[in-house]
2 protein chains.
Amino acid sequence: MTSSTSQPRHIHVAGELRQRIMRRDYAIGQSLPAESALCAEFGVSRGPVRQALATLKNEGLIQLSQGKPAVVRSHDATQTLDTFTPFTQWARRNGRTAGSRTLEVARRRVSEPAMVALDLNADDFVVDVVRVRLLDGEPAMIERSTFIDSVGSLLFEFDTDSGSMTDYLASRGVYFDSMEHVLDAVAAARVDAENLGIDPGSPLLRERRTSRDQDGRVFEYADDRYRPDLVAFSIVNARTIDARS
Amino acid sequence: MTSSTSQPRHIHVAGELRQRIMRRDYAIGQSLPAESALCAEFGVSRGPVRQALATLKNEGLIQLSQGKPAVVRSHDATQTLDTFTPFTQWARRNGRTAGSRTLEVARRRVSEPAMVALDLNADDFVVDVVRVRLLDGEPAMIERSTFIDSVGSLLFEFDTDSGSMTDYLASRGVYFDSMEHVLDAVAAARVDAENLGIDPGSPLLRERRTSRDQDGRVFEYADDRYRPDLVAFSIVNARTIDARS
DNA sequence: CAGTGGTCTAGACCACGGC
DNA sequence: CCGTGGTCTAGACCACTGA
């Protein structure tokens, strides 16, 4: 009877340990309890415990090595693969307020790059959403999302300035299951510059994203451009627990 | 008696499946054999098979879902967390030739940003290595690495133009175990522009990297600047097999 | 040397997918 | 409905760590 109705044990263990680490119960460099101790404490076998530790390792929180217990590496999971969490959630987690100013929501024929990414035909319709995203009130990013028609049509019933589009889509049964990101740099176009309050030609960090739902279907293509003085991407590239060769 | 002396079974299974996928034995969208079939074929229990599948999922090669076998998502693992493999290896894997033109290898007192990243004192010595990295003969990136003294001193016995610094360090017992990357964009400084053959002020993709060895010690800090017209970072952000909350 | 994590097995139960 | 993957257990062996 630990907490909610029925959560997989390894998730519960991971959550509990993550909380302790972020609460700074352990100093950086300090060891976690041995696996056997964790098994005893949580009343589970080694499987779930090891799965939980693998999760924390992937989040960059701990360091695993053979022969000795896991060691705390970092107190916050901000810098993670999960840095690619949706803008709103990311801001909230970092104690900042996210805002949004919608420039347009339009149903139209698909553009060239989106057509390729979404695997559509030239005469297919899509829904484009262009928004300026604010961090603590300041323009930090300009986001150009293109959704396949079936998903995009849901957005006309949604106030795109009000909150998290991700949460809204999830409530309508569309989950972001995996995303593919391509990162590079571009010079700010005139529109970009005007909306972000910077000089044309100054460097922007660009993220082009392809999102898939739980069934592996691509449903979003996005071109996001960030002001590098306000936002940077941080990624922990821990050798995956099982990738060695 | 499958292959080498004694390789963990899950690594062998992952390698075999990876090879089949990249060899295009399965079309994209096609299902892999069921876990039970894989168990039978490789003569192992479900544990190793599932660990192998988790690896491939993390590499973005397959899609896992409950109730049905894994589905092939991509034929090549180029776009992976492992995109952060060392430059030389990355180039080789993509069928391109990597080159290197060393600008300097110098032992000197640590610079401000490296001091912070490496957790050193202002009067500590480090070894700076500045190189222009070439792709098929063309300048693609300028790399400024700073190594802690004990590691950097190894580099004076190494021809930094000859091959992979990573491989060389590994041969001397220094392994890159995990790295932390911060990505943003900067305008090309005059030096950058000259060495990369571009205009000053044009946008560059910057990667600042902190590398740790197998014991979790930070030993390298690097500031790499890429020409965005030649290189982009590609990352697959699959929901980790065990991270759900 | 004893304790630890890395790996593996055999068997089990459940929730979900598709027929 | 049966087969699938998601999860879990109990027990085992080995390689490595550190006193």
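Protein chains get the first letters and strands the later ones, always in sequence-line order, with residue 1 at the start of each. The figures that follow rest on heavy atoms only: side chains count, while hydrogens, waters and symmetry mates do not.
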Of the listed D:dC8, D:dG5, C:dC8, the closest approach to the B:Glu35 side chain comes from D:dG5
Does a salt bridge link A:Asp223 with A:Arg208, judged by any charged N lying under 4.0 Å from a carboxylate O? no
Are A:Glu207 and A:Arg133 within salt-bridge range, i.e. N to O under 4.0 Å? no
How close or far is atom P of D:dC8 from atom CD of A:Gln51, stated in whole angstroms? 7 Å
Flag the pair B:Tyr226 / B:Phe233 as yes when their ring centroid distance falls below 6.0 Å, and as no otherwise. yes
Whole-Å gap separating P (D:dT7) and NE2 (A:His12): 16 Å
Mind checking what makes ring pair (Phe, Tyr, Trp, His ring centres under 6.0 Å) contact with A:Tyr26, not counting sequence neighbours? none
Bend angle of the helix from C:dC1-D:dG18 to C:dG18-D:dC1, end axes from five pairs each (to 10°): 10°
It should be established whether B:Arg50 places a side-chain nitrogen or oxygen under 4.0 Å from OP1 or OP2 of nucleotide D:dG5. no
Is there a donor-acceptor contact under 3.5 Å linking the side chains of A:Gln7 and A:His12? no
Using side-chain hydrogen bond (donor to acceptor under 3.5 Å, both in side chains) as the criterion, list what pairs up with B:Arg9, not counting sequence neighbours. none
Show me the protein contacts with nucleotides 13-18 of chain D, counting only N or O atoms at under 3.5 Å.
residue : atom : partner : partner atom : Å
D:dC16  : O4'  : A:Gln66 : OE1          : 2.8
D:dG18  : OP1  : A:Lys68 : NZ           : 3.4

Who are the side-chain contact (heavy atoms from CB on, under 4.5 Å) partners of B:Ala70, not counting sequence neighbours? B:Leu32, B:Ile62, B:Leu64
Between CZ of A:Phe42 and C1' of D:dC8 the distance, given in whole Å, is 16 Å
Rounded to the nearest angstrom, tell me the gap between atom CD1 in A:Ile62 and atom P in C:dG6. 9 Å
Spacing between A:Gln7 atom CD and D:dG6 atom P, to the nearest angstrom: 18 Å
Interatomic distance, OG@B:Ser211 vs NE2@B:His181, rounded to 0.5 Å, equals 7.5 Å
For the side chain of A:Ser36, counting heavy atoms from C-beta on, which of D:dC8, C:dG6, C:dT4 is nearest? C:dT4
Distance-only check: which donor-acceptor pairs under 3.5 Å involve side-chain atoms of residues 121-128 of chain A, not counting sequence neighbours?
residue  : atom : partner  : partner atom : Å
A:Asp124 : OD2  : A:Asn121 : N            : 2.7
A:Asp128 : OD1  : A:Thr146 : OG1          : 2.8
A:Asp128 : OD2  : A:Arg108 : NH1          : 2.7

Side chain of B:Ala34: nearest nucleotide among D:dG5, D:dC8, C:dC8? D:dG5
Atom pair distance, as rounded to whole Å: CG in B:Leu32 and C1' in D:dG3: 17 Å
Reckon A:Arg9 has a side-chain N or O less than 4.0 Å from the OP1 or OP2 of D:dT9? yes
